[in-house]
Structures are given as C-alpha cells and as structure tokens.
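Structure record follows, encoded as structure tokens.
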Number of protein chains: 2
Amino acid sequence: MHEIIKKTVTKNESIRRKLTDIRQDNLQQILDAAENIFADRGFRGTTVAAIADNVGLPKANVLYYFKTKEGLYKGVINRLLTIWMDNMNEMSADIHPRESLRNYIVNKIHQSREYPNASRIFADDILHGVNYLRGPLEGELKDQFDRTCDVFRCWIDKQWIDDVNPEHLIFMLWSTTQAYADHSLQMSILMNKPQLDDSDFEQGVKVATQVILKGCGLSD
Amino acid sequence: MHEIIKKTVTKNESIRRKLTDIRQDNLQQILDAAENIFADRGFRGTTVAAIADNVGLPKANVLYYFKTKEGLYKGVINRLLTIWMDNMNEMSADIHPRESLRNYIVNKIHQSREYPNASRIFADDILHGVNYLRGPLEGELKDQFDRTCDVFRCWIDKQWIDDVNPEHLIFMLWSTTQAYADHSLQMSILMNKPQLDDSDFEQGVKVATQVILKGCGLSD
DNA sequence: GTCTATAAGCTGATAGAC
DNA sequence: GTCTATCAGCTTATAGAC
C-alpha cells in the first residue's frame with residue numbers, strides 16, 4: 001500500500017512537473033516572440049495574432065496565458081528591465097573614470113548590439129503615449145540615475161574630471177550609445193550598408209570614448 | 001458688354017480664389033493636426049478619425065483631401081523635411097569649428113525644442129518598419145551627410161580638430177541633440193519635473209558643447 | 001490546458017445625396 | 001466641395017466544446 005501511494009504521488013508530481021515545464025516553455029516562447037514583434041512594430045503596431053503565429057500557437061492560447069495585450073507588453077518590459085538592470089555595470093566613485101567611464105561606454109554599445117530589442121522598446125515607450133516605463137523610471141531606474149550622478153559629482157570633487165553637469169552627461173552617454181540600437185537603420189542607410197558590422201560598432205566605441213573622455217578632461 | 005464680361009470674369013476668379021483659399025486653409029489645418037497626432041502616437045497608433053476630430057471635420061472630408069492615411073503621412077513627412085532642410089545651418093570648411101560646431105549644436109537643440117514633432121516622427125519612422133524616410137535618407141539627406149563628413153575631414157586635415165571618425169561624430173551630434181526632443185519625457189521624469197524648462201535646454205547646450213568641442217581637441 | 005467559433009468594436013476607405 | 005451612411009476587414013477578447 002505504501003508503494004502504491006508513493007507511486008501515485010510520484011506520478012502526480014511527475015505530471016505536474018511536466019505541465020509546469022510546458023507552461024514555462026510556452027510563456028518563454030510567447031515572451032520571446034512578443035519582444036521581437038513589439039521591438040519591430042511598437043505597441044500599437046503589434047497584433048496578438050502576429051505573436052501567436054510567430055510561436056505557432058492559436059491566438060486564444062496566447063491570451064489564455066497573458067489575458068490581455070497590455071499584460072503581455074508589461075511582461076515583456078519587466079523581463080527586459082531585469083536583464084537591463086542586471087547587465088548594468090554601475091560606475092564606482094573609487095575607480096578612476098578613465099577605466100570606469102570607458103568600460104561603461106563599451107558595455108552600453110555592446111548591449112545596443114546584443115540586445116537591441118530592449119533599447120528599441122524603451123525608446124518607443126518613451127516616444128509615444130504608452131509610457132509603461134513611467135513607474136520604473138520613477139523608481140528603480142531613478143535610483144540608479146541618482147547614484148550615477150553622485151559618482152560623477154564625486155569625480156568632479158576629486159578633480160578627476162571637469163565640472164560637467166552630471167544629469168546631462170548621462171543623457172549624452174545614453175543617447176550616444178543607444179543610438180547604435182535605435183538608429184542603426186538610419187546609420188546603415190547613410191553609410192550604404194545593408195546593416196552595421198563589427199567595424200561600425202568598433203568605430204562607435206572609439207569615437208564615443210575618445211570624445212567623451214577627452215571632453216570630460218581626461219587626457220589620453 | 002465689355003463691362004459685363006469683365007465683371008463675370010472677375011467674379012469667377014474671385015470665387016475660385018476664395019475656394020483655393022479654403023482648400024489651402026483646410027490642407028494646412030489637416031497637416032497641422034496630423035503632424036501633432038503622428039508625433040504623439042506614431043503612424044500605426046494614429047487614426048484618421050482622431051485627425052478629423054482634431055480639425056473639426058468629418059473623416060470623409062480628410063480622406064477627400066489626402067485619399068489615404070499613408071498619403072497624409074507622406075504629406076506630413078515632406079513638409080517637415082522642407083523645414084528641416086531649410087533650417088539646417090550647414091557647417092563650412094572655412095569657418096573654424098570653434099564657432100561652426102558650437103553653432104550647429106546650439107541650433108540643433110533649439111530645433112529639438114521648437115519643432116519636437118519633426119524629430120519624433122523621424123525617430124518613429126526609423127525605429128519601426130514604416131520607413132518612408134528611406135527615400136530621402138538615400139537622397140538629399142545622404143548628400144547633406146556626406147558634405148558634412150567632408151567638412152570634418154577638411155578640419156582634420158587642417159589640424160583644426162583631432163582625428164575623429166566623421167560619420168560617427170555626426171551620429172553622436174544627432175543623437176545627443178535630438179534626445180532633447182525624443183527623450184524629453186524620460187529626462188523630465190528622472191529630474192522630477194513636469195517638463196523640461198529653459199534651464200534644462202541651457203544645460204543641455206552647455207554640456208554638449210563643452211564635451212564635444214573639448215573632445216574634438218578644441219581648447220576652451 | 002487547448003483550440004474553434006464568434007462576439008463586439010474599431011479602422012480605413014467609399015458611395016452617393018446635397 | 002461637403003458630409004451622412006455604410007461597407008469590408010481587422011482587432012482584442014471571450015464562450016464553450018474538447
């Protein structure tokens with residue numbers, strides 16, 4: 001009898017485990033497809049049907065998992081924010097900006113190349129009325145922003161860099177580096193290329209570090 | 001008899017003139033409304049009905065003037081491109097970059113403030129699949145881009161500025177200055193303000209000129 | 001959990017009276 | 001030239017059989 005009970009329990013758990021796996025797998029696949037399509041066509045330009053087709057699932061199934069299109073969009077944004085924050089190598093007041101600032105730029109442009117969806121979806125959210133980023137921007141992103149400003153002020157106090165307004169220096173760093181995701185199409189057209197390649201990203205890193213480091217008073 | 005004929009002609013012309021005025025006036029109003037709404041919600045997020053409501057005209061009337069939503073969008077883009085190109089103070093190889101480059105930055109940020117719609121609609125067009133800018137980008141905009149690159153190369157040859165890759169320097173100038181239109185919402189949220197004010201645009205100009213001029217090897 | 005069928009509403013565009 | 005009425009198609013979302 002013990003055996004039977006045990007077996008039954010094991011079997012039930014095994015089934016539950018399997019269903020959980022399917023669920024996790026579907027959630028993952030839906031989020032992946034949604035991320036790509038939202039990045040490509042924006043929130044309003046994306047249809048649930050397009051996402052479902054991309055995963056190979058019926059539309060109703062997608063809506064079973066996420067209930068609404070907005071919910072799915074929020075799911076995508078939240079997942080991207082996690083990666084975004086985790087990958088973010090924050091700058092430190094103790095490490096000299098010559099390395100710290102250079103590292104930050106290299107990292108941000110690398111991120112624009114490897115995860116362009118994040119930058120593009122965020123850009124679309126800010127550009128238009130959707131604005132689901134308002135919450136995070138007022139919370140965790142603002143905290144990070146404030147901390148980075150403090151680091152810059154520290155560097156200025158120590159006279160490691162020139163007296164440059166920290167807030168606007170960050171805006172400059174962000175727009176310059178994120179352009180390699182958001183404006184990559186424009187760049188490639190103007191440079192007569194089908195798309196940006198290794199050398200373009202290299203040049204981008206080179207110009208951004210060269211100009212911003214020297215512009216902040218850091219000699220080569 | 002001469003008098004009668006003359007009078008009739010005059011009256012017809014007067015009527016035609018008046019109708020032409022109404023036509024021009026309506027076209028203008030529709031384009032104005034469309035520009036604002038396209039800038040706010042993107043191409044796909046904009047409805048013809050919203051534009052018509054904004055002008056106070058029936059939807060069918062708007063479509064009488066522009067036939068299709070795409071046509072209206074193209075009309076808006078073309079009008080913005082004209083302003084964009086006209087307002088563009090191109091840089092000159094003869095004028096020293098200390099003035100020329102500073103002027104360019106001041107002008108671009110001013111434009112981001114005064115005509116944010118242009119920057120936002122262009123950003124949306126590049127960010128998503130719409131891409132009606134591809135034509136101009138391959139034509140007149142590319143010509144201007146190439147000319148500016150040549151000016152930079154000239155400055156480098158004369159050793160007026162450091163050896164900075166001209167293409168990517170322009171990308172940096174554009175993204176930094178246009179951020180004051182495209183990312184103004186993000187900026188204001190992070191700085192705890194309802195919207196950007198005079199001092200923010202001043203600081204933006206200051207930081208951009210300070211960092212980019214010095215970063216290109218131009219001493220204060 | 002999955003999927004077909006369908007509701008309910010909106011969108012671009014047109015026909016046709018004035 | 002203007003506007004009402006309306007169409008055909010698509011969109012989000014749900015009901016209900018399996």
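This is a predicted model, so every value here is computed, not measured. Below, read A as the first sequence line, B as the second, and so on, with proteins coming before strands; counting in each chain starts at 1.
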Would you mind reading off the distance between [X] atom [atom1] and [N] atom [atom2], rounded to a whole angstrom?
X	N	atom1	atom2	value
B/Q24	D/dG1	CD	C1'	15 Å
A/I30	C/dG1	CD1	C1'	12 Å
B/Q29	D/dG1	CD	P	16 Å
A/F66	D/dA13	CZ	P	13 Å
B/L72	C/dT11	CG	P	15 Å
B/K69	C/dA13	NZ	P	8 Å
A/E70	D/dT11	CD	P	17 Å
A/I37	D/dT12	CD1	C1'	16 Å

- Any sub-3.5 Å donor-acceptor pair from A/S188's side-chain atoms to A/L185's backbone N or O?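 Between the backbone of A/L185 and the side chain of A/S188 there is a qualifying donor-acceptor contact (under 3.5 Å).
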
For [X], enumerate each residue passing the salt bridge (charged side-chain N to carboxylate O under 4.0 Å, His left out) test, keeping only those at least two apart in sequence or located in another chain.
X	value
B/R79	B/D32, B/E35
A/R153	A/D150, A/E167
A/K142	A/D146

Which atoms of nucleotides 14-18 of chain C (N or O only) lie under 3.5 Å from a protein N or O atom, and what are those distances?
none

- Taking only residues two or more places apart in sequence, or in another chain, which ones meet B/E90 in a side chain to side chain donor-acceptor pair (under 3.5 Å)?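 In terms of side chain to side chain donor-acceptor pair (under 3.5 Å), with neighbours along the sequence ignored, B/E90 is linked to B/R147.
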
- Query: For D/dT4, does either OP1 or OP2 sit under 4.0 Å from a side-chain N or O belonging to B/N61?
  - Reply: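 Result: no.
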
- Query: Using a cut-off of less than 4.0 Å, is there contact between a side-chain N or O of A/N26 and OP1 or OP2 of C/dG1?
  - Reply: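 No, A/N26 has no side-chain N/O under 4.0 Å of OP1/OP2 on C/dG1.
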
- Query: Of the candidate nucleotides C/dT2, C/dG1, D/dG1, which contains the atom at the shortest distance from the side chain of B/Y65?
  - Reply: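 Nearest listed nucleotide: D/dG1.
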
Scan the side chains in residues 46-66 of chain B for donor-acceptor partners under 3.5 Å anywhere in the protein, sequence neighbours excluded, and list what turns up.
residue	atom	partner	partner atom	Å
B/T46	OG1	B/I37	O	3.3
B/T46	OG1	B/G42	O	2.6
B/T47	OG1	B/A50	N	3.1
B/Y65	OH	B/N26	ND2	2.9

- B/M187 side, atom CE; A/W174 side, atom CH2 - distance, nearest 0.5 Å: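 If we round to the nearest 0.5 Å, B/M187:CE and A/W174:CH2 are 9.5 Å apart.
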
- Does any residue of residues 45-54 of chain B have a heavy atom under 4.0 Å from DNA chain D, and if so, which ones, in number order?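 Heavy-atom contacts with DNA chain D come from no residue of residues 45-54 of chain B; none.
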
- Item | With sequence neighbours excluded, residues passing ring-ring contact (aromatic ring centres under 6.0 Å, His included) with A/F201 |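 For A/F201, no residue satisfies ring-ring contact (aromatic ring centres under 6.0 Å, His included) once neighbours in sequence are set aside.
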
- Selection residues 102-121 of chain A - residue pairs positive for ring-ring contact (aromatic ring centres under 6.0 Å, His included), sequence neighbours left out: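 Listed once each, the pairs would be none.
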
